[in-house]
Structure formats: C-alpha cells, structure tokens
Protein chains: 2
Amino acid sequence: MRTLSRNRAFGGVQGVHAHPSKVCDCEMTFGLFLPEEAEHGPVPLLWYLSGLTCTHENAMVKAGLQQWAAEWGLAVVFPDTSPRGSEVPDDPSYDLGQGAGFYVDATEAPWSSHFRMWSYLTEELPRVLTANFEIDELRQSIMGHSMGGHGALTLAMHHPDRFAAVSAFAPIANPTESDWGRKQFAAYLGEDEAAWRLHDASILMAERGFPGPVLIDQGTEDEFLELLRPEALASAMAARRQPGAFRMHRGYDHSYFFISSFAEEHVAFHAEALWGAEA
Amino acid sequence: MRTLSRNRAFGGVQGVHAHPSKVCDCEMTFGLFLPEEAEHGPVPLLWYLSGLTCTHENAMVKAGLQQWAAEWGLAVVFPDTSPRGSEVPDDPSYDLGQGAGFYVDATEAPWSSHFRMWSYLTEELPRVLTANFEIDELRQSIMGHSMGGHGALTLAMHHPDRFAAVSAFAPIANPTESDWGRKQFAAYLGEDEAAWRLHDASILMAERGFPGPVLIDQGTEDEFLELLRPEALASAMAARRQPGAFRMHRGYDHSYFFISSFAEEHVAFHAEALWGAEA
C-alpha cells in the first residue's frame, strides 16, 4: 500500500491510499478519514459508497462527512466505484464500465476479469484496512449515494452481521426494473435475471430485510426519480415493518448539496448504532 | 443576470449566476448561498474570496460554509477570482492572469482592460446582489483563503464602514515582500511600489488596522508558509493592539480540509459581528 496524500482535517487525518488489488487485478485507490481517536486505538468504520462516475474523491471533498465522523470518533472509508486503468475494460457510456462498477462481481466477458467490486468491498479492502490502520473490524456500518446507495443496501442485507446500520441518499432502489440496473446487470451478470435479484435492494428488503436500522433520504426534485424508483423500496420497507425511516425531502435534488445537508444526521444515525448505549 | 444552477442546500438555495460585467468587460460568474430566511426578507451577506486558480466553484463545493450560514441565517457569495474568457488577457503561469486577479484594479497593459477585481467587488457585484436578491447591504462581512485572504483583509481595511468583521485562512499576508505579490503587483500595478503598499495586509494593519474584529487562522504544515509570511501580519496585529485573534494550528496545511475544519468557527465569528447583541 502506498499513501498518495495526507491532510489534517477536523483534528484527524484525511488520507488517500493506493494498493494492488488481486480481486480487481489493478491498482485501487481509496480515501480514509481517521479521527483523532485512531491515534490511541481502533475506531469504528463507516463505509461510504459513491455513485456513477465518481472516484474515491468526490464524496471525500464534497459530502461533508468528516466533521461529524470526527465528532463521533468514526473512521470513514471512501472506496472507488470500479476498477481503473488502461488494462481494464471500459465502455463509452457513463453508466457502464469504469466509474460504474455497480457493486457486483461480474461473471460475463469482458468484465469478469476486473469488475469484482462485491468481493473487493467485502473481502479484500477490509483486510487492507484492518492490516494498515486502527480500525475496529467488529464495528462497521455502511452508507452510500445513488449507485452507492444500491451498493450499501445490498451489501448490508447480504452481510447482516457485519454492519450495525445502513443508510442511503437517493439510492438506485429497484435496479431490476430500471435502466439504471437492467443494462448493467445484463452486461455484468448475463441474461439470467435470477442473478440480478440478489442485487436489488427492494427485492432484498421484501425477502430478507435488515436486522439493524435503515435510513433512506430522497429529494422530491431529484432529476433521476424515474430511474431510482424509491417507491419500490419505501413500499418494501413498510410491508416488511423494517425498523428505520424513509424520508422524502421537499426541494432537494440528486447533488452533493443534498448529501451534505443531511450528512450530520446520517453520521449520527450510524454512530448511535455503532456506539450503542455508549452514545 | 442569468441563473446557471440552483440546488436546495441546508434548507436554503445554492445558486450559480452569471452577469455581464462592465467593470471587467466580460461575463462574470458567482455562487450565492441564500438561507431559508431570505424567502422572507433581506439577510446579512458574508463575502468569501478564493485563492489562486480557483473559480466561484471551489469553496462553494468544498469549504463547508453553507451549513453554518444556514444556521446563522447568512447569505454567502462566492465571486470568481478574475475576469475570464478568450478575450481576456492571460499568462501561462498559474499565479498571473486568469484565476489570479489578486483583488486589485490593474493599471498596466495588457491587464488594465479587464483585471479590475477591486472595483468589481466593491462596486459592481454589490449592486448586482442587492438588485436581484434579498440581501441586507447594511450588514456585510468578509473572509477569504490565501490570495482571497489577502483580498478580504485589504478590502476590509479600505472599507471599514462596510464590513462588520474580517477573517482569513492562510492569507497572503505580506505580498510586497513575497513572490506571491511582487510578481503580480509589478504586472498589474507597475513598478512604483508605493501603489503596492495599498494592497498589503500587513502594511495596512500597521498603518490603519480595522475597527471590527479580525480572525486569522494558519496551519503549521502549510506548504506555502514562506510565501504567505504570516509572521508579518501577526506582528502588525499585535503591535497595533488589533482586537481579534491570530491562531496557528498544528498539523494543518493549505487545503480545503483546513478551511472546512474551522468553517464553523469562522461563520460564527462573522455572525456574531453581524447580528451583534441579537446572537
């Protein structure tokens, strides 16, 4: 692992690090905020998964999470959204290939050689983090935005023992019924739609739910509402009696201004789940 | 004036607007955050001046000021750092020409035709703001970073009746003695150094001071300390008995992570000066 940058922030350190990834067969870059408490011992970890076209950097500089993570003593990791590099397959469209990994393990050519974000996030990157930083692997929580909200919800529902809570801003909530999903699942996972269902948050919510709390925030002026299909997830949450909240915010759109506006509440939500009665 | 974007943020609106500028003889773009209170009447205005290479956008998306402005009911304007466009003179270096207006009115060719940021910020942009938005022109305050800290301090000390307070992150504090200053003043203002002294915050502090409070934050790991010369300003502030604070923060550098780490305190500092006993 090599460190690309370190900036003091909110009493802690915002770092950017790169490491060779066996799973993705390329170098992967991530951002990691460590609060001051990490100088003295392991701290809980909040995963932040980003949306289409993003790298590790967008949320790291625009979402405004670090200040609240510092207040609660949490680390925040900002992974990239796909494998990268000239050796890695790509597509001219913004919503397939590099920057659009969709948090699945691709099984189809040409993608299957590198596009294994599911295994990268569940197996390889956790090992890199715990080996190199003061991270308490028994205390993890997860959130994301748009494609990253899809990733956070599906990862959490498949790993209910790993994450204390899950939250999402404007998640791609029902990708098996959306052009943000069908195109990518067909490319990455093939034509058998049974495999797609394991990566649809609304279906997983209906079939499994999540043992911890779930927080979903959506803006009424989101320019991608038709693609996100929040109604499918809201309906599934209510039908399942899922503990948590689905909130619709008047006037907010799909941008980082929406995320930063509610960042404090999301971090507090995770911190309370992570710290439990200590909070 | 035309509106390029509007995003709901922290209960208010983050807008980006462009207008034809007579002073700069080109179209100028600015960001303006309006808190929810502006829906009901005029609100105080905080000016944020950015540093070298920045446009209106950098601080708007990275400094984390809006959340605190929303809390205190302040508008924040993010002007560009220079005139822009293919008709506007430029220089291949990053620290002269477009993106590097240095907040002066150039008197020398080829710059004098467009590079009039001093008059733009003191005369033209205030008129645009008060004509189009619910801004209380009797309640203004000003802050900035690096070159923008230089701008904020020099503008404030020349307009002591206009600004309730002034603050700066890592300002170019003594440009007449720095390569961030001598090069630009020679280009924009000519060889007579008497003109330069009117745009040097440390000299102005020694000669005039500021009637309101002054807050300066500087990081010990700032990669540009030799160019910023904070010691000149700290010395002048102390010698003048200037009410305010000069703070040196261990480990912080020149980045937006430094700014966002102390954004809350800077906005509160201005809000208290603007709202006075109401705060």
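In what follows, chains are A, B, ... by sequence order, proteins preceding strands, each numbered from 1.
From A/F10, atom CZ reaches atom CZ of B/F258 across 11.5 Å, with rounding to the nearest 0.5 Å. Here the CZ atom belonging to A/R8 is positioned 9.0 Å from the OG1 atom belonging to B/T220, to the nearest 0.5 angstrom.
The local environment of CD in B/E137 is sparse, with at most 12 non-hydrogen atoms from other residues, nucleotides or ligands closer than 6.0 Å. The environment of CG in B/N132 is crowded: more than 12 heavy-atom neighbours from other residues, nucleotides or ligands sit within 6.0 Å.
Judged purely by atom type and a 3.5 angstrom limit, A/Y252 has no side-chain atom pairing as donor or acceptor with the backbone of B/N7.
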Evaluation steps, side chain to side chain contact (heavy atoms under 4.5 Å, CB included), between B/M60 and A/F257: CA-CA 10 Å; B/M60 189 182 98; A/F257 291 113; 4.0 Å; yes
Pair B/Q67-A/Q67, side chain to side chain contact (heavy atoms under 4.5 Å, CB included): steps then yes or no: CA-CA 12 Å; B/Q67 60 189 303; A/Q67 60 189 301; 2.7 Å; yes
Audit row: B/Y256, A/K62, side chain to side chain contact (heavy atoms under 4.5 Å, CB included) steps and yes/no: CA-CA 10 Å; B/Y256 278 95; A/K62 296 202 289 188; over 6 Å; no
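For chain B, the nearby part of A/Q66 is the side chain; its heavy atoms alone come within less than 4.5 Å. For B/S260, the parts lying near chain A are the backbone and the side chain together; criterion is any non-hydrogen pair under 4.5 Å.
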